[in-house]
Amino acid sequence: MERAYALGISAIDPAHIAENGRRFLYMNGGQMVELTADGLAVNLLRGLLRTLACTGTTRMECTCLEGRKLLEHNGYFYLNVAEGGTGGPATQSLRCSARSRHAEGPWESLPTIPLYTHSLGTSAG
């Protein structure tokens with residue numbers, strides 16, 4: 001049985017990525033921490049991200065940066081997030097992406113965002 005380690009972070013939706021032996025954990029609300037090399041403890045806590053440039057003129061509950069996914073492809077790190085919240089009343093939600101040459105940023109929003117929108121039972125994208 002694997003052992004669980006408490007990092008002492010109050011957050012949801014973690015996404016892990018590593019670069020050159022350094023490990024990073026991205027969480028809801030734009031929080032990012034650098035982990036120790038073994039990934040078992042927090043090395044440095046950062047509130048790195050605010051919002052990506054994907055809100056436009058849409059009505060949203062919040063710019064929450066939730067449900068993030070990270071991947072590395074062809075020399076770039078890609079950060080995909082949902083914004084808009086899940087509480088009521090029904091509001092619009094978005095899927096947005098940004099990219100960086102490094103796992104810790106800085107992040108640049110992709111020009112074709114939002115990638116997907118959903119509002120009141122309809123979707124387009």
Side-chain angles (χ1 to χ4, degrees):
M1 185 167 139
E2 292 185 30
R3 181 176 174 182
Y5 291 86
L7 296 176
I9 300 169
S10 179
I12 60 170
D13 294 338
H16 171 267
I17 197 144
E19 176 186 26
N20 297 324
R22 296 173 67 197
R23 296 172 177 261
F24 301 93
L25 194 63
Y26 284 83
M27 297 151 296
N28 69 302
Q31 297 180 78
M32 187 270 280
V33 297
E34 183 173 346
L35 300 173
T36 55
D38 62 7
L40 301 179
V42 173
N43 190 30
L44 181 62
L45 175 63
R46 305 181 204 184
L48 186 64
L49 300 172
R50 296 282 183 239
T51 184
L52 301 178
C54 67
T55 56
T57 59
T58 58
R59 178 180 173 262
M60 294 189 307
E61 176 187 347
C62 66
T63 51
C64 307
L65 296 174
E66 296 179 324
R68 74 217 69 320
K69 304 291 182 231
L70 288 159
L71 62 102
E72 183 180 6
H73 181 69
N74 288 339
Y76 280 97
F77 291 87
Y78 290 89
L79 171 65
N80 300 292
V81 299
E83 288 196 283
T86 57
T91 57
Q92 187 155 10
S93 62
L94 308 169
R95 279 304 275 184
C96 304
S97 284
R99 71 179 184 176
S100 174
R101 289 286 186 183
H102 302 284
E104 64 181 315
W107 298 95
E108 60 180 280
S109 294
L110 297 182
T112 55
I113 53 177
L115 302 173
Y116 172 86
T117 64
H118 177 79
S119 179
L120 303 173
T122 63
S123 59

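Note that these values count all heavy atoms, side chains included, but never hydrogens, waters or copies made by symmetry. Model, not experiment: these values are computed from the prediction.
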Tightest non-hydrogen contact, residues His102 and Phe77, listed as C-CD1, 3.5 Å
Find the distance between CD (Glu34) and CG (Asn43) and round it off to the nearest 0.5 Å. 5.0 Å
The criterion is salt bridge (charged side-chain N to carboxylate O under 4.0 Å, His left out); which residues satisfy it with Arg101, sequence neighbours excluded? none
Are Leu25 and Ile12 grouped together when hydrophobic residues (ILVMFWY) are joined by side-chain heavy atoms under 4.5 angstrom apart? no
Are the side chain of Ser97 and the backbone of Asn80 linked by a donor-acceptor contact shorter than 3.5 Å? no
With rounding to the nearest 0.5 angstrom, report the CZ to CH2 distance, Arg99 to Trp107. 11.0 Å
Taken to the nearest 0.5 Å, the spacing of Leu44 CG from Arg22 CZ works out to 9.0 Å
Roughly how far, to the nearest 0.5 Å, is the CG atom of Leu35 from the CG atom of Leu40? 9.0 Å
Please verify the inter-ring angle class for His73 with Tyr78; under 30° counts as parallel, over 60° as perpendicular, anything in between as tilted. tilted
Smallest separation among heavy atoms of Ala103 and Ile17, with atom names: CB-CG2, 3.9 Å
Rounded to the nearest 0.5 Å, how far apart are CD of Glu104 and OH of Tyr26? 7.0 Å
Measure across Pro14 and Met27 and return the closest heavy-atom pair with its distance rounded to 0.1 Å. CA-CG, 4.1 Å
Measure the spacing between OG1 of Thr36 and CZ of Arg23 and express it to the nearest 0.5 Å. 8.0 Å
